[in-house]
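Each remark here refers to the structure printed beneath this line.
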There are 4 protein chains.
Amino acid sequence: MSTWHVDDAPPPTAVSGKPLSKKGERTRRRLLDAAEEIFAELGYHDASIVKITESAQVAQGTFYIYFESKQQVFDELVDDLNRRVRFAMSEGSQRGTDRAEAERLGFAAFFRFTAEHPGLYRIIRQAEFASPGALQRHYQTIADGYIGGLRQAMADGEIAEADPEVLAFALMGIGELIGMRWVLWQGGPGEVPEHVFEEMYAFIRRGLGSP
Amino acid sequence: MSTWHVDDAPPPTAVSGKPLSKKGERTRRRLLDAAEEIFAELGYHDASIVKITESAQVAQGTFYIYFESKQQVFDELVDDLNRRVRFAMSEGSQRGTDRAEAERLGFAAFFRFTAEHPGLYRIIRQAEFASPGALQRHYQTIADGYIGGLRQAMADGEIAEADPEVLAFALMGIGELIGMRWVLWQGGPGEVPEHVFEEMYAFIRRGLGSP
Amino acid sequence: MSTWHVDDAPPPTAVSGKPLSKKGERTRRRLLDAAEEIFAELGYHDASIVKITESAQVAQGTFYIYFESKQQVFDELVDDLNRRVRFAMSEGSQRGTDRAEAERLGFAAFFRFTAEHPGLYRIIRQAEFASPGALQRHYQTIADGYIGGLRQAMADGEIAEADPEVLAFALMGIGELIGMRWVLWQGGPGEVPEHVFEEMYAFIRRGLGSP
Amino acid sequence: MSTWHVDDAPPPTAVSGKPLSKKGERTRRRLLDAAEEIFAELGYHDASIVKITESAQVAQGTFYIYFESKQQVFDELVDDLNRRVRFAMSEGSQRGTDRAEAERLGFAAFFRFTAEHPGLYRIIRQAEFASPGALQRHYQTIADGYIGGLRQAMADGEIAEADPEVLAFALMGIGELIGMRWVLWQGGPGEVPEHVFEEMYAFIRRGLGSP
DNA sequence: AATGAATGAGAGTTCATTCAT
DNA sequence: TATGAATGAACTCTCATTCAT
């Protein structure tokens, strides 16, 4: 479909602003991973610093060497996840030899990502209350990626003319609920079943007016 | 599209199980309305019993005469809301003279409902963590409504053959994200703009393979 | 010396703003007394809510029904104490039959008060950091009481002409350090020894230029 | 008035007891200066080791090479300050050609010192809780300086007979509150206004019974 | 001599829930 | 039926101090 531009994450530092030693980097990483897991499992509010630090096997105070607050780790995780989703889709769609295949692979990458990281998906969905504005930012940046590709495809006559933003949000919505129904509700990691993907994809192709 | 079957809500009782007096019914209603407002505004966790009872102008203890716990009011609200959404869509689609119009009106009703009760929409989206299982139940009951109608339409040759569950979830996803983008993010109640609705609807019609 | 105007304290309420029941009033009183004792003994920072509530024999949470924060109880105590000091001095000086005697009795009242409530004295002295501005307010209101009396006395030719504010602060300083040396450092409640009071008083009388 | 005896400070060592290298001495000095500044600005409790070491531009651990604890630096600072106040007053009063002038200059020196180091003054006033006993020691050593001079003056018939300790504490109290009112409350360094000094000084002279 | 990552106890505060009245 | 005072566990966050490097 399109090549998303995915900028690099800023290098991690301590709260004090100092750069991190190898050891510090490892500890920060452990905390971030633990936070991801706990947030995904319990949700923002039921996740507690105690649980996160216990899971990371460090003392409570250690958390605050690397993160300003619970809120801030959450925001960082959402940003991170946003980058990873877009990167996955970008990577996926670049493998296609023509636009149709690229589009298909981009979608498949999105589902594979959701399937591999169901927790991240759960994190995003709670962002609305946990971090005002984060959710909107997340969807909008992904939409922007789609919009570029859709505009191209229209210009090239590959799909019918339409408001690309409406299409982009429609596509994301489809992906979101199909992912929720056939990945998350299955419990544990898994894949969207082949036939579900094909049916959904056919629906989208027809909807977009592809020949 | 289809006529959703919407069963009645069970009659309200006190926690003790006793039926309610007129006065008790009124108090319970006030609490439920207050809870809806506070949950929608602040989210499950930041909504507190104090805030709810203050808004309802009763004492804290009164809350526990009518509801078992914070959790339970929330669940009741989600159920309630689910019934109201389905009722609105059912009502809407019954007004149509043919299936195509019914379908269109059902969709419009959904958006009108979202636009008129943006807070409810926010309640649903947080249900995932606040009340495990509630979200799944919510989507599934709505999907079931769609599925019946879609099956009919396929049998009648009005739309292309496809797995109706996949289609149902795709349709809900589209509605959800379009509603979020063009109603919720606009702040305050409002309507999905005419042209957005038309573009989206055209996409869906094509996708479904309607002639 | 002069009659201080001492306004009444506002009636105590819960944090919510609601008036207190008899029981609530009692609990609030117990907490306030406990806070006074703990602050006096340990200082603002080493006093903790746990210690205060333990001393008052209530649960930690109960504290926050009656007080907004640790800071706020402290401020209330300082205000309270300020009122009580001024009231004691006002009462004392009103007993005198002529100005000289009134002045003497006012001073004596101040020392008696300090002697009876050594803890309060310790509370005031730490207010500088615990509650910015509180200390200044405290001294200034007491100074204002002195200033009125001194002005009268100058007009009546009973003491030499001088800047009454300078005199007021000088008098307070004398009272403060004499009180500290001969009451607080003695440990436990007690009285400024007779001869110390007389020597100090003679010094002040000469300083003021009383005949 | 009198010549205070001001003994030298003990030479600084590391916590381990070892004497310091030139570099070590410099680091220790930097920490001590930073501590003085931070304690003065924030008070004992809000001053943290992190802030002190940041201000001194050394690592946190470095602090504990030179000082046993937060408490101990504070004590050292109070001692230090005590020595400096007494030295300033001693220096000042030695410049006078007769006792009256010496006394006057000693006082003036005290105010100048306060005016130039308002922060130190703030440090002393919080010593009561931060370091039990330190405050008493501070006042007593200054009082001792006064007492010697006052005794002399009485013997020489220059001032009226009285308990010199009472007079000493009265004088310190006057200095303290005048300094607080006209230096500290003005914010930033400054001087006691000329006329305030004169009025206060006249009060003291009369009080002491100087001819 | 100096570093700075790590600790862990303890701080103030919130809030769902209970219960005597 | 309604009250609201009381509870206490759990929360996020701070900071003096230690110690391996």
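We name chains A, B, ... by the order of the sequence lines, and we start the count at 1 in each one. Everything numeric in this text was worked out from a predicted model, so none of it was measured.
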Please check this pair: side chain of A:S131 against backbone of A:A134, looking for a donor-acceptor N/O pair closer than 3.5 Å. no
Round to the nearest Å and state the distance from D:F74 atom CZ to F:dC15 atom C1'. 18 Å
Quick check: does any side chain N or O of C:T53 sit under 3.5 Å from a backbone N or O of C:I49, one acting as donor and the other as acceptor? yes
Any side-chain N or O of B:K23 less than 4.0 Å from the OP1 or OP2 oxygen of F:dT1? no
For DNA chain F, the expected dot-bracket line (Watson-Crick or G-U under 3.5 Å, [ ] crossing, | inter-strand) is .||||||||||||||||||||
OP1 or OP2 of F:dA6 under 4.0 Å from side-chain N/O of C:Y66: yes
From the list E:dT3, F:dT12, F:dG4, which nucleotide is the closest neighbour of the side chain of B:A59? F:dG4
With a cut-off of under 6.0 Å to the ring centre and 45° to the axis, is B:K70 in cation-pi contact with B:Y44? yes
Locate the shortest heavy-atom distance separating B:Y66 from B:V15; write the atom from each residue and the value. C-CG2, 3.7 Å
What does D:S69 touch in the nucleic acid at a heavy-atom separation under 4.0 angstrom: a base, only the sugar-phosphate, or nothing? sugar-phosphate
Please tell me which of D:K18 and A:P19 maps to the more 5' nucleotide of DNA chain E, matching each residue to the nucleotide holding its nearest heavy atom. D:K18
Rounded to whole Å, the CD-P distance (A:Q71 to F:dC11) equals 17 Å
Which of F:dT12, E:dA6, F:dA5 is nearest the side chain of D:Q60? It is E:dA6
Starting from the 5' end of DNA chain E, give me the residue, D:A14 or C:S48, whose nearest nucleotide shows up first. D:A14
Could you state the atom-to-atom distance from CG of C:D46 to P of F:dC15 in whole Å? 14 Å
Which of the following nucleotides, E:dG8, F:dT12, E:dT18, is nearest to the side chain of B:Y64? E:dT18
A:Q72 CD: over 12 foreign heavy atoms closer than 6.0 Å: yes
So D:F67, base contact, sugar-phosphate only, or nothing? Heavy-atom distance under 4.0 Å. nothing
Euclidean distance, atom CG of residue A:L42 to atom C1' of F:dT12 [Å, nearest integer]: 16 Å
Nearest-angstrom distance from the residue atom CZ of A:F63 to C1' of F:dC13: 10 Å
Is it true that the NZ or CZ of C:K51 lies under 6.0 Å from the centre of C:F39's six-membered ring and within 45 degrees of the ring axis? no
Is A:D79 salt-bridged to A:R83, cutoff N-O under 4.0 Å? no
OP1 or OP2 of E:dT3 less than 4.0 angstrom from a side-chain nitrogen or oxygen of D:T62, does that happen here? yes
Counting only heavy atoms not in D:Q57 (residues, nucleotides, ligands), do more than 12 fall under 6.0 Å from its CD? no
Backbone of B:I52 reached by a side-chain donor or acceptor of B:E37 within 3.5 Å: no
Per the under-4.0 Å heavy-atom filter, residues of residues 26-34 of chain D near DNA chain F come out as none
Considering heavy-atom distances to DNA chain F, does A:V50 or C:V58 have its closest nucleotide positioned more toward the 5' end? C:V58
Provide, to the nearest angstrom, the distance between the NZ atom belonging to A:K22 and the C1' atom belonging to E:dA6. 19 Å
Using a heavy-atom cut-off of 4.0 Å across all strands, would you classify D:I65 as base, sugar-phosphate, or nothing? base
Are D:R29 and D:E76 close enough for a salt bridge, meaning some N to O gap below 4.0 Å? no
Looking at B:E54 and B:R30, does any basic side-chain N land under 4.0 Å from a carboxylate oxygen? no
Rounding to an integer number of Å, can you tell me how far D:K51 NZ sits from F:dA16 P? 9 Å
Regarding the side chain of A:K70, the nearest nucleotide among F:dT12, E:dA11, E:dA16 is F:dT12
d(NE2, A:H45; C1', F:dT12) in whole Å: 12 Å
